[in-house]
Amino acid sequence: MKTHDVLVAGAGAAGLVAALAAAERGARVLLLDSGQPSTFATSGGLFSAPGTRWQREAGIEDSADLFIADVRAKNGDTVPEQLLRTVAEQAAATAEFIDGPAGVPLHLHITTNWPGHAVKRLHATAGESGTEFNTLLRAALARFPTITFMDGAEVTALLPGITGATFTHDGTTHHAEAGATILATGGYGGAPDLLARFAPPARHAVHAGGAGSTGFGVRAVAELGAEMQCMDAYQGQPHVSPHLIGTVRPRYGASLPALGSVMVNREARRFCAEDMGPSEMTGVLLSQPEGRAVEIWDEHAQAAAQAGGPFRRAVELGAMKRFETVAAMAAHFGLPESVLAETLSHAAACAAGQATDPFGRRNWKAPIAAPFFAAEITGALAHTQGGARVDQVARVLRPDGTAIPRLFAAGGVACGISGTGTAGYIPGNGLAQSFVLGFLAGRTAAGA
């Protein structure tokens with residue numbers, strides 16, 4: 001007789017929801033986590049969910065079909081159809097589970113219009129922070145006495161026949177048997193060899209995701225014969241500091257362009273439409289001199305952006321500076337003052353509808369004006385989006401479409417809904433896949 005009904009490897013977004021969903025169905029769950037920071041904990045904590053009651057209460061009409069259309073408009077037809085429809089149709093139920101049985105209150109983010117979304121459909125916890133969301137879901141584990149959670153327990157191998165896993169804890173190797181195993185250990189953003197093989201452009205980017213994204217789960221499912229899909233896909237993040245403050249690398253979040261920010265390179269010139277998708281912007285930013293730029297915004301944007309947890313943390317760290325004049329800002333960053341003044345003047349004219357933007361930016365706020373806030377930024381890799389093909393309940397599939405017995409995958413171990421490359425990523429869709437597949441995997445594995 002097996003000690004556990006379900007073994008979940010990884011306590012990030014997918015693993016936490018999977019464990020909670022399995023326990024809510026009465027399963028005895030063993031949740032193992034390496035103790036390394038997850039990408040979830042370092043994220044902005046916003047996830048896409050169409051057709052929710054929070055949207056209806058806000059008077060927003062949305063549906064799975066509209067969400068699918070938005071994703072298709074961004075990435076064409078490269079995302080697996082069944083996966084996309086599963087996430088679109090199950091996201092609202094997953095949000096209800098998180099807010100209900102899991103006991104983590106949610107709300108609809110209404111501060112910013114995010115690129116790629118036809119309507120407001122990003123949901124979050126009160127502080128709109130991945131750190132907060134992660135903490136609340138971990139605390140929710142205590143609501144279910146059938147969950148055994150071992151932090152600092154790193155899964156190193158799956159048992160033959162996928163009957164459990166081997167893991168290390170406190171320097172000792174252990175074996176745990178289970179009726180079903182859910183791999184939710186994250187993607188391969190922290191695995192240079194896999195990045196070089198599948199996503200070469202990302203190997204030069206700063207890794208802003210969790211240190212636990214070592215690629216273990218991706219390697220494990222591939223070795224078991226899983227069909228691997230969209231392996232070159234990843235989310236880029238251009239609003240990241242090139243500098244560590246202590247052990248923290250500040251992140252400013254992708255809301256600044258929607259709030260009117262302007263980005264300039266080392267020559268003090270704009271180089272892209274700032275309202276383009278953040279993921280594809282990453283490559284454009286990295287192509288600039290030194291792979292860096294300066295992002296500039298005003299007091300209105302400074303106040304509005306603090307709705308996001310990562311931005312508030314950057315403020316606490318003193319990661320951005322306030323400037324009363326263009327001259328002071330130029331001197332601080334070593335930019336040519338006359339060119340910077342000309343660039344900001346032209347950007348203001350574009351924002352006011354008095355000039356045409358050569359880069360095609362369509363979404364402007366009111367022209368930014370002194371006092372300014374600014375920070376140096378670089379292109380970063382947030383998380384990879386390629387992984388195992390799964391079915392409508394997150395079972396891992398072989399190339400012939402058959403399921404590998406007793407094996408489920410979610411989050412970075414499973415294929416995401418961004419399609420191939422970087423251009424298909426839309427903010428909030430990584431967590432949407434993680435939560436939905438974790439929810440479905442947990443419920444199904446509980447009955448396996």
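Values below: every heavy atom of this structure, side chains too, minus hydrogens, waters and symmetry copies. What you are looking at is a predicted structure, and each value in this text was computed from that prediction instead of being measured.
- Cation-pi contact between Arg361 and Trp364: present, with separation from the ring centre below 6.0 Å and deviation from the ring axis of at most 45°.
- Between the side chains of Gln385 and Ser418, a donor-acceptor pair is found at a separation under 3.5 Å.
- For the residue pair His107/Glu128, the side-chain donor-acceptor check at 3.5 Å is satisfied.
- Between Ile417 and Leu84, the closest heavy-atom pair is CG2-CA, 4.2 Å.
- A side-chain N or O of His123 and one of Thr52 form a donor-acceptor pair less than 3.5 Å apart.
- Annotation: Phe435 is in aromatic contact with Phe133 [ring centroid separation under 6.0 Å].
- Side chains of Asn429 and Ser48: a donor-acceptor N/O pair is present below 3.5 angstrom, by distance only.
- Aromatic ring centres of His383 and Tyr234: separated by at least 6.0 Å.
- Between the side chains of Ser279 and Thr422, not a single donor N or O lies within less than 3.5 Å of an accepting N or O.
- A search for side-chain hydrogen bond (donor to acceptor under 3.5 Å, both in side chains) contacts involving His207 returns nothing, not counting sequence neighbours.
- Using modelled atom types, one finds no donor on one side chain facing an acceptor on the other under 3.5 Å when comparing His300 with Gln302.
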Salt bridge (Lys or Arg N to Asp or Glu O under 4.0 Å) between Asp298 and Arg322: does it pass, once the steps are laid out?
-> CA-CA 9 Å; Asp298 61 14; Arg322 186 177 189 272; over 6 Å; no
